[in-house]
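Residues: numbered from 1 along the sequence shown. Values below: all heavy atoms of this structure, side chains included; hydrogens, waters and symmetry mates excluded.
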Amino acid sequence: MIASSAPTVVGALAVRARRKIRAHFFVLHAVTAEEAVPFVPQRRIEQTQFDRMLRAGIVREAGKGRYWFDIVAWQKHQDRTRMILVPIVIAVCVLVAGLITLLY
């Protein structure tokens, strides 16, 4: 049996909340200011992630509680995340491969 750690669970919940928020705007095709729609987070984790997306400029307010999803800002955020994570993952893989080779 594999025990889940709290950070892993919280991370998974955050990813799920961001996916749900993104889906809300995509389903309603709210990807421009003219197509903005209301959004009310249903859970605390959704509120937290929604606030983060607002601060990052991924979700933008069009006024009067209406929001839209900025696809360009989201793609730039994804690219920045990849630029940070890919070298880290490569370094960890090389380190693990080196340890396996040493211990073999």
Side-chain angles (χ1 to χ4, degrees):
M1 178 154 107
I2 298 174
S4 296
S5 64
T8 304
V9 172
V10 172
L13 290 173
V15 168
R16 184 176 178 192
R18 286 191 302 267
R19 190 177 301 133
K20 185 176 178 182
I21 293 166
R22 186 176 67 232
H24 172 80
F25 292 105
F26 282 5
V27 165
L28 298 174
H29 201 278
V31 293
T32 65
E34 294 79 29
E35 300 166 327
V37 296
F39 180 77
V40 178
Q42 301 299 312
R43 299 172 57 202
R44 184 172 163 210
I45 188 81
E46 286 178 17
Q47 182 66 54
T48 302
Q49 295 307 311
F50 183 71
D51 292 342
R52 286 183 181 182
M53 293 170 91
L54 270 172
R55 282 192 306 272
I58 297 168
V59 173
R60 298 187 184 261
E61 187 169 11
K64 297 183 182 178
R66 297 178 53 218
Y67 303 92
W68 60 283
F69 193 89
D70 188 340
I71 296 173
V72 174
W74 175 62
Q75 188 60 50
K76 286 180 181 179
H77 183 267
Q78 294 288 72
D79 292 343
R80 278 192 307 269
T81 302
R82 282 188 193 101
M83 282 178 45
I84 294 168
L85 290 180
V86 167
I88 292 171
V89 170
I90 290 171
V92 168
C93 289
V94 168
L95 180 64
V96 169
L99 288 173
I100 290 172
T101 303
L102 277 172
L103 297 174
Y104 182 68

Spatial distance of atom CZ (R66) from atom CD (E34) [nearest 0.5 Å]:
9.5 Å
Derivation and outcome, side chain to side chain contact (heavy atoms under 4.5 Å, CB included), residues V59 and F39
CA-CA 10 Å; V59 173; F39 180 77; over 6 Å; no
Between H24 (side chain) and P38 (backbone), is there a donor-acceptor pair under 3.5 Å?
yes
Measuring from atom CZ of R19 to atom CZ of R16, what distance do you get when rounded to the nearest 0.5 angstrom?
9.0 Å
CG/L54 to OH/Y67 distance, rounded to the nearest 0.5 angstrom?
6.0 Å
Taking side chain as C-beta onward, heavy atoms only, is R18 less than 4.5 Å from M53?
yes
Hey, could you give me the CD1/CD1 distance between I21 and I45, rounded to the nearest 0.5 Å?
9.0 Å
Working for side chain to side chain contact (heavy atoms under 4.5 Å, CB included), residues D70 and I58
CA-CA 5 Å; D70 188 340; I58 297 168; 5.8 Å; no
Which class fits the ring pair F50 and F25: parallel under 30°, tilted 30 to 60°, perpendicular over 60°?
parallel
Indicate yes or no: at least one non-hydrogen side-chain atom of V31 is less than 4.5 angstrom from one of H29.
yes
Could you tell me whether R52 atom CZ has more than 12 heavy atoms of other residues or ligands within 6.0 Å of it?
no
Atom pair OG1/CG of T48 and L13 - distance to nearest 0.5 Å:
11.0 Å
With a 4.5 Å cut-off on side-chain heavy-atom distances among I, L, V, M, F, W and Y, is there a chain of contacts connecting V40 to L28?
no
Is it true that K20 and E46 make a salt bridge, defined as a side-chain N closer than 4.0 Å to a carboxylate O?
yes
Heavy-atom closest contact (A30 atom, A36 atom, distance)
CB-CA, 4.4 Å
G65 versus E61, closest heavy-atom pair with distance
N-OE2, 3.8 Å
Less than 4.0 angstrom from a charged side-chain N to a carboxylate O is my criterion; do K76 and D79 meet it?
no
Would you give the length of the straight line joining atom CH2 of W68 to atom CZ of R60, rounded to the nearest 0.5 angstrom?
5.5 Å
Under 3.5 Å donor-acceptor, Q49 side chain and Q47 backbone:
no
Indicate whether the side chain of E35 and that of T32 have a donor and an acceptor atom separated by less than 3.5 Å.
yes
